[in-house]
Amino acid sequence: MCADRLERLLSAVDLQASDEVDIEKGLRAALLACADLALDPEVVALQRMVLQESAAFPELAAHFYKNGISRTVTALAGWLRAQVKKKRIALDDVEEAAGMLIGMVASAPQRAAIYGGLALPSRKDIERRVKTCAALFLDGCRAI
């Protein structure tokens, strides 16, 4: 059941590297696709279930990581790699950067929902978070 659900949800994540001139707009679209998956109520419910059952069924957690979390990171890393190739950004490790970006966008709201019992963020809140994360990633936060 878990594998089927993940496959259905992941099939909607399509991070094609377009020839979009505005890198920030493209990054926002890519991050929004990742956030839509990571913060989807079904995915969060699956994550709760996996956490509850992982002690008895460690292969379930490994499968969720490999076929869910890791695939999302790989998809975003592919998008980032295409941007590096086009010389729009410079990164030494696109996989690591992809994991960091997904963490910035989704980890805190996921934890709040799973462990704190809080509601998942609204679409408007997700879009605001994506915009902030994209700007932080592309521009840094150094005072000039």
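What you see is a predicted model; the values in this text were computed from it and never measured.
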Does some side-chain heavy atom of [Y] sit less than 4.5 Å from a side-chain heavy atom of [X]?
X	Y	result
V94	W79	no
R71	K66	no
K86	I23	no

Could you state the interatomic distance from [atom1] ([X]) to [atom2] ([Y]), rounded to the nearest 0.5 Å?
X	Y	atom1	atom2	value
K85	L80	NZ	CG	14.5 Å
E42	L37	CD	CG	10.5 Å
L39	L120	CG	CG	6.0 Å
F137	L31	CZ	CG	8.5 Å

Name every donor-acceptor pair, under 3.5 Å, that has one atom in a side chain of residues 51-61 and the other anywhere in the protein, sequence neighbours excluded.
residue: S54; atom: OG; partner: L51; partner atom: O; Å: 3.2

Donor-acceptor pairs under 3.5 Å, side chain of residues 102-119 to any protein atom, not counting sequence neighbours: which ones?
residue: S107; atom: OG; partner: G103; partner atom: O; Å: 3.4
residue: Q110; atom: NE2; partner: A38; partner atom: O; Å: 2.9
residue: Q110; atom: NE2; partner: Q47; partner atom: OE1; Å: 3.4

Exercise for the section: Quick one: list whatever passes salt bridge (charged side-chain N to carboxylate O under 4.0 Å, His left out) with E127, sequence neighbours left out. Expected result: R123
Exercise for the section: Using the test salt bridge (charged side-chain N to carboxylate O under 4.0 Å, His left out), find all partners of R129 that sit at least two apart in sequence or belong to another chain. Expected result: none
What closest approach, in Å, do [X] and [Y] show between heavy atoms, and which atom pair accounts for it?
X	Y	result
K131	E24	O-OE2, 4.4 Å
L76	A30	CD1-CB, 3.9 Å
C133	L101	O-CD2, 4.4 Å
A97	L91	CB-CD1, 3.9 Å

Handout entry: Heavy atoms from other residues, nucleotides or ligands near CG of D92 exceed 12 (cutoff 6.0 Å)
Key = no
Handout entry: Joint cluster assignment, L32 & L138, ILVMFWY side-chain distance < 4.5 Å
Key = yes
Practice task
Could you state whether V130 and M100 fall into the same hydrophobic cluster, counting links through intermediate Ile, Leu, Val, Met, Phe, Trp or Tyr residues with side-chain heavy atoms under 4.5 angstrom apart?
Solution key: no
Completion exercise
Those residues at least two apart in sequence (or on a different chain) that pass side-chain hydrogen bond (donor to acceptor under 3.5 Å, both in side chains) with D125 are S122
